[in-house]
Amino acid sequence: MGTAKVSDSSSGDQIARNHNESDVILNVYDLTPYNNYTYWFGLGIYHSGIEVHGKEYGFGAHDFPISGVFEVEPRSCPGFIYRCSFSLGRINMPSSEFRTFIEDVASEYHGDTYHLISKNCNHFTDDMAHRLTGKSIPGWVNRMARLGSLCSCLLPESLQVTTVKELPEYHDIEDGTESASTSTPRVAPEIDDTDQEKHLLSSKDGSSEIAFIREAQASCKMP
C-alpha cells in the first residue's frame with residue numbers, strides 16, 4: 001500500500017511538471033519575397049515571434065504609449081509569410097506565471113517606441129529568448145537592422161506603412177486576464193518619416209485579429 005502511494009504521488013508530480021513545462025520556439029516570417037534570394041547569403045528582412053504555452057508573442061508598432069506586445073496563433077501571424085521555426089529550449093513555468101511575466105515585459109515595449117533599426121520585433125524576441133532560456137535568436141534574423149540605414153532602403157514601400165491610429169480596446173479573454181484586439185488596421189492618408197520606419201501587422205484578407213497584451217500596472221509605493 002505504501003509503495004502504491006509513493007508511485008501515485010510520483011506520477012502526480014510528473015504530470016504537474018509536464019503541465020508547467022513548455023518549449024520555447026522562435027517562429028520566423030518573411031516580410032518580402034526577396035528573402036527567397038537573400039536568405040542563402042545570410043540576409044533578409046524578417047519578422048519573428050516567440051511561441052510559449054501554445055501562443056505566439058510578438059512586438060508591433062502603434063502610436064500610443066501602451067503595450068505593443070501581442071499574441072497570435074503560432075506560425076499564423078497575419079500579414080507575414082511563415083518561413084521556419086527554431087527550438088530555443090524549454091522552461092518550467094506555469095502558464096499563469098508566464099502570463100504575469102509577459103505582462104511585465106509588455107510594459108517595456110510600448111507600441112510608440114517601436115523602431116525598425118533599434119527596437120523592432122526581432123529585438124523583442126531576442127530579449128525574450130535571453131530571459132527565458134539564456135540563448136540568442138539566430139544572428140541572420142535581425143542582421144538587416146544591424147546594418148542600419150540599408151534596411152529601410154531595401155524595404156518595399158508596401159512594408160513601410162503607417163501605424164495603427166486607433167487606441168486598442170481591451171476585453172476579457174479565457175484565462176480571466178485582459179487583452180486588446182484589433183482587426184486590420186486602417187491606414188492613415190498621410191505618413192511621415194517616423195511612420196515609415198515602423199511596420200505593423202496587417203491581414204491581407206481582413207479576417208485575422210491580433211490581441212495586444214495589457215501591460216502590468218506599476219504598483220504605487222508609499223513615500
Fill in: Distance, nearest 0.5 Å, that separates CD of Glu56 from SG of Cys77
6.0 Å

Discussion item. Any side-chain to backbone donor/acceptor pair from Thr38 onto Leu43? Under 3.5 Å, distance only.
Written reply: yes

Worksheet entry | Nearest-0.5 Å distance that lies between atom CG in Asn122 and atom CZ in Arg143 | 12.0 Å

Worksheet item: In terms of the angle between their ring planes, are Tyr109 and Phe59 parallel, tilted or perpendicular, with boundaries placed at 30° and 60°?
Response: perpendicular

Worksheet item: Rounded to the nearest 0.5 Å, what separation is found between the CD1 atom of Ile50 and the CD1 atom of Ile25?
Response: 9.5 Å

Worksheet item: Is it true that a side-chain atom of Tyr29 and a backbone atom of Ser76 form a donor plus acceptor pair closer than 3.5 Å?
Response: yes

Discussion item. The test is side-chain contact (heavy atoms from CB on, under 4.5 Å); show your working for Arg214 and Ser67 and say whether it passes.
Written reply: CA-CA 6 Å; Arg214 179 184 284 277; Ser67 169; over 6 Å; no

Response to the item:
When every non-hydrogen atom of Cys84 is compared with those of Phe86, the smallest separation belongs to SG-CE1, 3.5 Å

Discussion item. Test your reading of the model: is there a side-chain donor-acceptor pair from Asp30 to the backbone of Asn36, 3.5 Å cut-off?
Written reply: no

Discussion item. Return the NE2 to CD1 distance between His53 and Ile102, rounded to the nearest 0.5 Å.
Written reply: 11.5 Å

Practice prompt. State, with a plain yes or no, whether a side-chain heavy atom of Glu103 is found less than 4.5 Å away from one of Ile213.
Written response: yes

Discussion item. If you apply the rule side-chain contact (heavy atoms from CB on, under 4.5 Å), what do you find for Val52 with Met93, and how did you get there?
Written reply: CA-CA 10 Å; Val52 182; Met93 181 186 297; over 6 Å; no

Practice prompt. Enter the distance from Asn35:CG to Ile45:CD1 here, rounded to the nearest 0.5 Å.
Written response: 6.5 Å

Fill in: Nearest atoms (heavy-atom pairs only) where Gly44 meets Met144
O-CG, 2.7 Å

Item to complete: Could you tell me whether Glu71 and Arg99 have a side-chain N and a carboxylate O separated by less than 4.0 Å?
Response: yes

Item to complete: Examine Phe101 together with Tyr57 and report whether their ring centres are nearer than 6.0 Å.
Response: no

Practice prompt. Over all heavy atoms of both residues, which pair between Ser48 and Thr125 is shortest? Give the atoms and the distance, please.
Written response: OG-OG1, 2.8 Å

Discussion item. I need the minimum non-hydrogen distance between Gly60 and Tyr114, along with the two atoms involved.
Written reply: C-CD1, 3.9 Å

Fill in: Within-4.5 Å side-chain heavy-atom neighbours: Ser22 and Phe98
no

Practice prompt. Output yes when a side-chain donor or acceptor of His110 lies under 3.5 Å from a complementary backbone atom of Asp112, and no otherwise.
Written response: no

Practice prompt. Identify the two heavy atoms, one from Arg75 and one from Ser85, that lie closest to each other, and give their separation to 0.1 Å.
Written response: CD-OG, 3.9 Å

Fill in: Any side-chain heavy-atom pair of His130 and Lys135 under 4.5 Å
no

Fill in: Closest contact, heavy atoms only, Val72 versus Pro78
CG1-CD, 4.0 Å

Item to complete: For His123 and Asn120, run side-chain hydrogen bond (donor to acceptor under 3.5 Å, both in side chains): C-alpha distance rounded to whole Å, both residues' side-chain angles, the deciding distance at 0.1 Å, then the answer.
Response: CA-CA 5 Å; His123 292 106; Asn120 64 33; 3.1 Å; yes

Discussion item. Given 3.5 Å as the limit, does a donor-acceptor pair link the side chain of Asp126 with the main chain of Ile137, or not?
Written reply: yes

Discussion item. To the nearest 0.5 Å, what is the distance between CZ on Phe41 and CH2 on Trp140?
Written reply: 15.0 Å

Discussion item. Whether the side chain of Thr113 engages the backbone of Gly111 through a donor-acceptor N/O pair (distance < 3.5 Å, no angle test) should be reported.
Written reply: no

Discussion item. Any heavy-atom pair between the side chains of Leu26 and Pro138 that's under 4.5 Å?
Written reply: yes

Worksheet item: Do we get Arg83 above Tyr39's six-membered ring, with its NZ or CZ under 6.0 Å from the centre and within 45° of the axis?
Response: yes

